[in-house]
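Reviewing the structure listed below.
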Amino acid sequence: MKNGLLRIWSFRHHLIIVLAPLVFLPVVFILPPKEGKCLYLILIIATFWCTEALPLTITSLLPVSLFPIFGVLPSSKTCPLYFLETNVFFFGGLILAVAIEDCNLHRRVALTILRLLGVNPLMLILGIMLTTALLSMWLSNTATTAMMMPIATAVLKRLCNGSEAVPQKEPKGNGSPSEENADNQEAEEERKSEVQEFKTEDAPQSIGQNQLGKPDEKLAKGMLISIPFAATIGGISTLTGTPPNLILDGQLKSIFPQSDELNFGSWFLFALPLSVILLILAWLWLAFMSGGLKLRSLIKRKSTETESKAKAVIQSEYAQLGPITFAEGAVAGFFFTFVILLFTRNPKFVPGWSKIFKPKYVSDAVVAMAVVFLMFIFPSRKPSLKWKTDPEEPVTPRKPLLTWEKVQHKVAWNVIILLGGGFTIAKACEESGLSRWIGNKLRPLEHIPASIIALTVSLVISSFTEFTSNSATSIIFLPILAELAVRANNHPLYLMIPGAVSCSFAFMLPVATPPNAIAFATGQLKVKDMMKMGLLMNIMGIILINVAINTWGSLIFKFSTFPDWAEALKNDTSRAGTIFQLYYLNAVD
């Protein structure tokens, strides 16, 4: 019996692929023809996403074939959605991240912050969290976690027992160590490839539990779990920080083409305070749980022998980087130029530089690709003029900061495809009338206060995303939230923003995000440890996002008004609701 169940479990993905189309088939006959076909295909794709029966990227390509075949959306409209303006903006951000990683600028920033804050347990956790959050604002959360984990484990080795760190192979498990559950290896590989591959030499290092005392073990757990927590929190701050933010931006532009309230600057202005507050609360919570939040930790005291050794590790790692190179300085210059141009393009409260161009001609994607283009030209080494005085000086071409070979190898193309799949589904819902049908079904919710709906949305999505990809969760829920907001005469972003941000509140389970899986794979953390520390994080996140949208978020996005760009969809929804009722009555008669 047990062997039979294990065999069935080993073929679960194949069973899902076969059974999902059969289980959802009645939907085609219950709903109106076009809406029914669209919902049928979305349910199948959503099931594949949530269960990871197929790799997320492959599932994201299904709309290219299924929507035209079923007559939901023509191929001429489906294919262009995979490289919308939002995707181009994200693509530019990924290329910039490649340049930062290639010249080791991210590692220099991380070690500099750790050197400044010191290795007192309380400050050490703060330093690691602050560094991770800053990097994950611009780099992949997975890549940031994979880069920070070896630094943290090397410091822990010295801090806890003074022994040398021993490298370990790349983490393989997602929900449990590989020797306990080999099936989770596949899930980790698929979930890891959702964001970005990371190098084997950057893999976490082992920390033997039997080598640590009780206080040291608590400190190790707190420090290790702080890295994925901070990576997730930092990713919320920017539009490019995590896929749900980009999906929100893309779906808002797809559903409401006239909307212009959400851009890099307005999102950063809203999300940065949220991230900072959540990061501080997370630091205090983890410091308390790891025993670092004590009175003696708050008083400046002399460094102990173990802390001196831990500081020596950081100094040694930093010394290996050597002096700042020409490439690092150039990449830093381009990075700050990129950020400044994004903030000043259209800051809303004052006219931006985009006003000198035709309205809506210049977007964040234009800025990203312009900066990237220059990095393919700018040299990675300081040009030499010795050849003017020395005829025998060899003339060698200077490599640029970026080459296409590096970009082709390191860019997470799968995320771009995943975003395209989400935008295609949103467009299919609009074109088929499924969005209007869903809005009609959500009519009983119109009389519930918007604040209660937003809180409920945050609770449901943060729970749902613990078990599924945050990208898939946002793709499924955001079009529904947009329709619900319009139906209830609320600002669409009032529900869409907490929905998108709540997709990142996956702190409890190892399977929730790749950063969680990387931390869990060190062998120092147990599932109960992550659940105990992550539960309060989820609660704090839900409370904070709802406070944010009702305070400074309302001032930034003017949630108290119903925007003109949403009026057209509301009128279309009302008209379509009447048509649907007539269709339904005729069908019954």
Quick one: does any side-chain atom of [X] pair with a main-chain N or O of [Y] as donor and acceptor, under 3.5 Å?
{"X": "Asn87", "Y": "Ile416", "result": "yes"}
{"X": "Ser474", "Y": "Ser471", "result": "yes"}
{"X": "Trp413", "Y": "Gln408", "result": "yes"}
{"X": "Asn470", "Y": "Pro243", "result": "no"}

Q. Are Val362 and Trp353 close enough, and set up right, to give a side-chain contact (heavy atoms from CB on, under 4.5 Å), and what steps lead you there?
A. CA-CA 10 Å; Val362 178; Trp353 57 264; 3.7 Å; yes
Using the side chain to side chain contact (heavy atoms under 4.5 Å, CB included) criterion, which residues pair with Ala454? Sequence neighbours excluded.
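Testing Ala454 for side chain to side chain contact (heavy atoms under 4.5 Å, CB included), a comparison that skips the adjacent residues, returns Tyr494, Leu495, Pro498, Asn546, Ile549.
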Listed partners of Ser363 passing side-chain hydrogen bond (donor to acceptor under 3.5 Å, both in side chains), at least two apart:
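Only Glu85 meet the side-chain hydrogen bond (donor to acceptor under 3.5 Å, both in side chains) criterion with Ser363.
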Under the salt bridge (Lys or Arg N to Asp or Glu O under 4.0 Å) test, which residues partner Glu261, sequence neighbours left out?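 Per chain and number, Glu261 pairs via salt bridge (Lys or Arg N to Asp or Glu O under 4.0 Å) with no residue.
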According to salt bridge (Lys or Arg N to Asp or Glu O under 4.0 Å), who are the partners of Lys37, at least two apart in sequence or on a separate chain?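 Result, salt bridge (Lys or Arg N to Asp or Glu O under 4.0 Å) vs Lys37: none returned.
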Query raised in the report: Which residues satisfy the ring-ring contact (aromatic ring centres under 6.0 Å, His included) test with Phe343, sequence neighbours excluded?
Result: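 ring-ring contact (aromatic ring centres under 6.0 Å, His included) check on Phe343 returns Phe264, Phe268.
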Does Glu483 come within less than 4.0 Å of Arg487, counting only side-chain N to carboxylate O?
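No, this pair does not count.
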- Query: Thinking salt bridges, do Glu101 and Lys410 make one under a 4.0 Å N-O criterion?
  - Reply: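 Result for this pair is no, no salt bridge flagged.
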Got a sec, which pairs hit salt bridge (Lys or Arg N to Asp or Glu O under 4.0 Å) with one end in residues 232-247, sequence neighbours left out?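 Passing the test, one end in residues 232-247: no pairs.
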Among Phe559, Phe562, Phe256, Phe557, exactly one meets ring pair (Phe, Tyr, Trp, His ring centres under 6.0 Å) together with His491. Which residue is that?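 The ring pair (Phe, Tyr, Trp, His ring centres under 6.0 Å) with His491 is passed solely by Phe559 among Phe559, Phe562, Phe256, Phe557.
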